[in-house]
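Step one of this worksheet: look at the structure below.
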Amino acid sequence: MPPTLASLVQHTALKLRVRAAADRLDTPVRWAHASELTDPVPYMDGGELLLVTAANLDAENPEEMRRYVRRLTAAGVAGLGFAVGVVHESVPAALVDAAEEAGMPLLEVPRPTPFIAISKAVSAAIAADQYRAVTAGFEAQRELTRSALSSEGPVPLLTRLAAHVDGWAALYDTSGAVVAAAPEWAARRAARLTPDVARLRDRPAPASAVVGSAEDRVELQTLGTGRRARGALAVGTGAALGTAERYAVNSAVALLTLSTARSRALHSAEQRLGAAVLRMLLSGEPDHARAVAGDLYGGLFDAPFRLLIAEPAAGAGAGTGAAGGPGAAVVDALAEALDTAATRSGEPLLAVPEGGRLVVLAVDGGAAVAACADWAEAQDARPARDKGAEGAHLVVGLSAPAGPIAVSAAYKQAEQALSVARRRGRALVEHEELAAGSVLPLLADDAVRAFADGMLRALREHDAKGRGDLVASLRAWLSRHGQWDAAAADLGVHRHTLRYRMRRVEEILGRSLDDPDARMELWLALKATSSPTAED
């Protein structure tokens, strides 16, 4: 910490003696300055220890000393050092009384102590304090850098930063949502600052702001090197940041900015991989898609998922995804919201920009799908005048639950739902709403039943000879959208056994189960020929 009047009094070599305002010695001293002017105030910045001999002062005049001390106090002078044995053998009583009355610390400087010695002591203390601050700042930088390299995300870095500033720290994403906070209790405090973060994000980067009170001071700083902020950092403390704390905060901003840039580069690479996986799924190559997806998107293949397509509504800058504009911004905002929801719940999410629209594969019943529904509900609730003011609204089509072999059909479902959403002026339409009725009653036609019997006859004959339960296996596999593990579990067999049976189905029928038309016809055939007894 910087030198104080108390630390100078405790300096044994100076031999200073307190003559007034002994309770104010904790005042920091920014500099020591000697002046014999009757009015040195125009040359003061505040925080100085003023050293005088009273050569030009009427130091015995009480009224004159009151005016003199009051001017010094108003100018923010930290204290007054009076040299005895030069002009006055002792500190004049009028000056002592005036200083005590104004609360101005008054130090008696003995004749053997030159003013230059006090100036050197103050200068040395300031230099030592700055050295400690710089050293602490570099140490904080090293610790924060080590924390930034952690595989646990931003929490370790925020934890170290909070410890260095003796406060709390929080990280926001581009939407203004709190990504992480340290300590944990700070997340609620940080969430209340979302409107302040939103206002800061609208300013050209880099931008900063201080909000709160003197006892709960929060400094906000944007992250990123471009014109658009890629996030924000909040640092809450009980007082203004010192030099060491400032070093720590600046280091954290730099590290988080680098981390954000690295994350965006990784995100871009993930998007390219996701686009390749989506193309394979749409081409009917689920096995190749699974191999390419690896651990990044592979989790989507293990449970039913939904395919959604989002695009700017008519008049909302549709088709501006590459060039920017309000339509592109709101598409990005939705993608960010879905990604945040999926990340927090630990779900896989495949999101691929496609021209001016967004194509997403998300776990059925998961957090990302719920976040999309919540977003749509909030958008539908907005007044019509707000929806079109800046063109910042979307329409979304959501498919029925699907599996890897049915992505092409799910894509068509999402497009159909999207078209209906656009016509109805709805933010979100699910394909299941369009299929609220059922086609099954149409299958009761005798011609349809005859067609179904003919399609399945070879399989039923195979099963009748005791060579395996191919019809039941086909029904289970199709009902589970081609998911091997789930269908095998329903049948109580190993997935390799089920794979063998499906190959036999293809051989007997002479048709590939990768063909969506074949799967559709077989499913309808099973429905058309089933009865309550057969289903059991």
Side-chain angles (χ1 to χ4, degrees), residues 133-201 205-225 229-264 266-267 336-337 339-347 367:
V134 171
T135 301
F138 281 132
E139 178 59 29
Q141 187 179 52
R142 284 193 291 269
E143 292 184 8
L144 291 172
T145 301
R146 285 194 292 268
S147 300
L149 297 175
S150 169
S151 60
E152 300 176 21
V155 173
L157 186 149
L158 296 177
T159 301
R160 292 307 311 160
L161 178 60
H164 276 293
V165 301
D166 191 22
W168 59 270
L171 177 65
Y172 301 83
D173 62 19
T174 54
S175 70
V178 178
V179 175
E184 290 185 5
W185 59 260
R188 181 175 299 179
R189 173 72 178 92
R192 294 200 294 268
L193 298 175
T194 297
D196 298 289
V197 174
R199 285 190 292 271
L200 187 68
R201 194 176 64 247
S208 62
V210 176
V211 298
S213 62
E215 295 76 22
D216 185 20
R217 180 184 186 275
V218 181
E219 184 167 316
L220 302 172
Q221 293 202 36
T222 57
L223 305 175
T225 57
R230 298 300 181 184
L233 173 68
V235 178
T237 55
L241 298 174
T243 303
E245 291 81 4
R246 175 61 58 194
Y247 268 108
V249 171
N250 290 343
S251 296
V253 169
L255 290 168
L256 289 171
T257 294
L258 288 173
S259 176
T260 300
R262 182 178 58 192
S263 296
R264 289 192 65 79
L266 180 60
H267 181 66
E336 187 81 37
D339 184 66
T340 299
T343 299
R344 288 177 176 173
S345 63
E347 299 172 4

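Side-chain atoms are counted along with the backbone in the values below, which use heavy atoms only and exclude waters and symmetry mates.
Considering every non-hydrogen atom in both S345 and A367, the closest pair reads OG-CB, 3.5 Å. Across V178 and A187, no two heavy atoms sit closer than the pair CG2-O, 4.4 Å. Between G167 and P183 the shortest heavy-atom distance is O-CD, 4.0 Å. Across every non-hydrogen atom of A232 and V197, the tightest pair is CB-CG1, 3.9 Å. Smallest separation of non-hydrogen atoms from A248 and H164: CB-CB, 4.2 Å. Minimum interatomic distance between D196 and V211 (heavy atoms only, all atoms of both residues): OD1-CG1, 3.9 Å.
Panel note: side chain T222, backbone A207; a donor-acceptor pair is recorded below 3.5 Å. The closest donor-acceptor contact from the side chain of Y172 to the backbone of A234 lies at 3.5 Å or more, if one exists at all.
Pairs of residues two or more places apart, or lying in two chains, that qualify as side chain to side chain donor-acceptor pair (under 3.5 Å) and include a residue from residues 176-190 are R189-D216. Counting only residues at least two apart or in different chains, salt bridge (charged side-chain N to carboxylate O under 4.0 Å, His left out) contacts with residues 234-259 comprise E219-R246.
Every side chain to side chain contact (heavy atoms under 4.5 Å, CB included) that S208 has, sequence neighbours left out, goes to Q221. Take A337 and apply the side chain to side chain contact (heavy atoms under 4.5 Å, CB included) test, not counting sequence neighbours, and it matches no residue. For the side chain to side chain contact (heavy atoms under 4.5 Å, CB included) test, residues two or more places apart in sequence or in another chain that qualify with A169 are L158, L161. For T194, there are no side-chain hydrogen bond (donor to acceptor under 3.5 Å, both in side chains) partners, not counting sequence neighbours.
One finds the CG atom of L256 at 6.0 Å from the CG atom of L233 (value rounded to the nearest 0.5 Å).
Between D166 and T237 the shortest side-chain heavy-atom distance does not fall below 4.5 Å.
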